[in-house]
Every structure is written in structure tokens, then in C-alpha cells.
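Below is one structure, written out as C-alpha cells; the observations come after it.
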Amino acid sequence: IVRINAALGDAYRFGTVRIPQVSAAAFDTTGVLYTVTTKNHLYRINLSDTSSTYVDSVQCAVGAMVFHPLTNELYAAAYKPIGTPRDLLVKINPANGDTSHFVKTGKNANTTGLAFDESGRLFATFGNPSQNGQLIEINTTTGAVTDIGTTTVKNLIGLMYAGRAVSSIDDQESELV
């Protein structure tokens, strides 16, 4: 794990987590880090000593995940490189790995990034490696999908909304600013 200075791009080593092939990671609203591996294993990471606790398996491969800022529910994008459904979003119970269907975006492409704003609006990016990424909003109550627009970035594989949150570290002292 590294901390990155957003202003200058330099990185500072934080610690090593011994989990192979992490496919997605997200912090819950209390600051606990969760990861899912390419073998569909859900882990909780203790950042004080970078130890990990195996929680359980999830029922699908995960390409992106994010916690709802108001409810602390874990939303994830199922990853399916070929076949269908390639546009499935699920909810994962972080206590036991139980996975439930949330919505299909109707886009016939893998969702590559998920992010909530501070009011609980869910945004997602999707697309294929040779296409410009597209941005959508997903209503977490109804599952309705609203197209926002196409980006100018091909193979867009992540999305983050920082809002008023800390998103950098001080390059002089390696502390959060």
C-alpha cells in the first residue's frame, strides 16, 4: 500500500498486504479497507499493521466496488470478460460476503468504476478497452440508469469522487493533509 501526493504525484510506502491478485478495494464509512481478489475472496485489512482477515467468498468476480456514504452498504460491479451479463451490479454484505443482485445497467459492457458523491448519488463508468469510457448515474432506490456522457479516455478503469475528503498527503512529512 502506498500513499500518493496528488499535487506532485510522488508516493510513500505505507505497508505490504499479503493478499494475491486484488481486483477491487474500497474503504467503508468508518475507514476500514476491504478488498476482493480475482478468486472472489473478500478480505478486511487492518491498516494499523496491514494484516488481513479473510471474510468469505463473494458469488461473482468483482471489477470495482464502493461503499454508500450514508448507509455503508457495499456496491460492486461484477466482472465478466466474455458472455453475459457484463453489466451487473451487486451488493455485498461485508460481514459475510453474501452477494445480492442490484441492477443491470443495460449497457452490455463491464462497469469499470463506481463512486458515490456525498449525498449518496451513485456514478459509474463503463466501456471496453478500445472505446472512450462513458459515465452514468444509477438511482440506488429504483435502479434507474441515467446517461451523463462519454469521456475522452479510452480504457477508463477507475472512478473516484473526493468531494471534501482528504485525497492527498504532504510530501514533506508523509502525513495526511
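No side-chain donor-acceptor contact under 3.5 Å links N110 to the backbone of T112. For D87 (side chain) and G106 (main-chain N/O), a donor-acceptor pair under 3.5 Å exists by modelled atom type.
Within a 6.0 Å sphere centred on NZ of K104, heavy atoms belonging to other residues, nucleotides or ligands number 12 at most.
Going from atom OG1 of T29 over to atom CG of L74 covers 11.0 Å, rounded to the nearest 0.5 Å. To the nearest 0.5 Å, atom OG of residue S100 and atom CD of residue Q59 are 9.0 Å apart. Rounding to the nearest 0.5 Å places OH of Y54 at 8.5 Å from CG of L42. Rounded to the nearest 0.5 Å, atoms OG1 (T105) and CZ (F126) are 6.5 Å apart. For the atom pair D147 CG and K107 NZ, the distance stands at 3.5 Å (nearest 0.5 Å). Here the CG-CD1 distance, from L114 to I136, works out to 8.5 Å after rounding to the nearest 0.5 Å.
Note on L88 and M65: same hydrophobic cluster, where clusters join Ile, Leu, Val, Met, Phe, Trp and Tyr whose side-chain heavy atoms are under 4.5 Å apart, directly or indirectly. L70 and V32 are assigned to two separate hydrophobic clusters, defined by single-linkage of ILVMFWY side chains at heavy-atom distances under 4.5 Å. Linking Ile, Leu, Val, Met, Phe, Trp and Tyr residues whenever their side-chain heavy atoms come within less than 4.5 Å places V36 and V90 in a single cluster. Follow the hydrophobic side-chain contacts under 4.5 Å out from V22 and you never reach V62; the two are in separate clusters. No path of Ile, Leu, Val, Met, Phe, Trp and Tyr side chains, each step under 4.5 Å between heavy atoms, connects V66 with F27, placing them in separate hydrophobic clusters.
Scanning all heavy atoms of the two residues, the minimum distance from I19 to S52 falls at CD1-CB, 3.6 Å. Counting all heavy atoms, side chain and backbone alike, A124 lies closest to T111 at CB-CG2, 3.8 Å. Residue A76 comes nearest to I92 through the heavy atom pair CB-CD1, 3.7 Å, listed as atom of the first residue, atom of the second, then distance. Residues L47 and G31 approach most closely at CD1-O, 4.2 Å, considering heavy atoms. Considering all non-hydrogen atoms of both residues, T99 and C60 come closest at CG2-SG, 4.3 Å.
Under 3.5 Å, the side chains of N5 and D10 contain a donor-acceptor pair of N or O atoms. Remark: the T38 side chain and the S23 side chain contain no N/O donor-acceptor pair separated by less than 3.5 Å.
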Report, one line per pair, each donor and acceptor closer than 3.5 Å where one atom sits in a side chain of residues 149-157; sequence neighbours left out.
unit_1: T151; atom_1: OG1; unit_2: G133; atom_2: N; d: 3.3
unit_1: T151; atom_1: OG1; unit_2: G133; atom_2: O; d: 2.9
unit_1: T151; atom_1: OG1; unit_2: V153; atom_2: N; d: 3.2
unit_1: T151; atom_1: OG1; unit_2: V153; atom_2: O; d: 3.4

Would you please test V17 and T50 for side-chain contact (heavy atoms from CB on, under 4.5 Å) and show each step? CA-CA 5 Å; V17 178; T50 64; 4.0 Å; yes

From CA spacing to verdict: side-chain contact (heavy atoms from CB on, under 4.5 Å), L122, F116: CA-CA 4 Å; L122 177 60; F116 279 99; 3.6 Å; yes

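Taking the charged nitrogens against the carboxylate oxygens, R44 and D28 have no contact shorter than 4.0 Å, which rules out a salt bridge.
Between H68 and Y75, the two ring planes are tilted [angle within 30° to 60°]. Between Y34 and F67, the ring planes lie tilted relative to each other; the angle falls in the 30° to 60° range.
Scanning for side chain to side chain contact (heavy atoms under 4.5 Å, CB included) contacts around I148 gives F123, L135, E137, with sequence neighbours left out. Partners of N40 by side chain to side chain contact (heavy atoms under 4.5 Å, CB included), not counting sequence neighbours, listed by chain and number: V58, A61.
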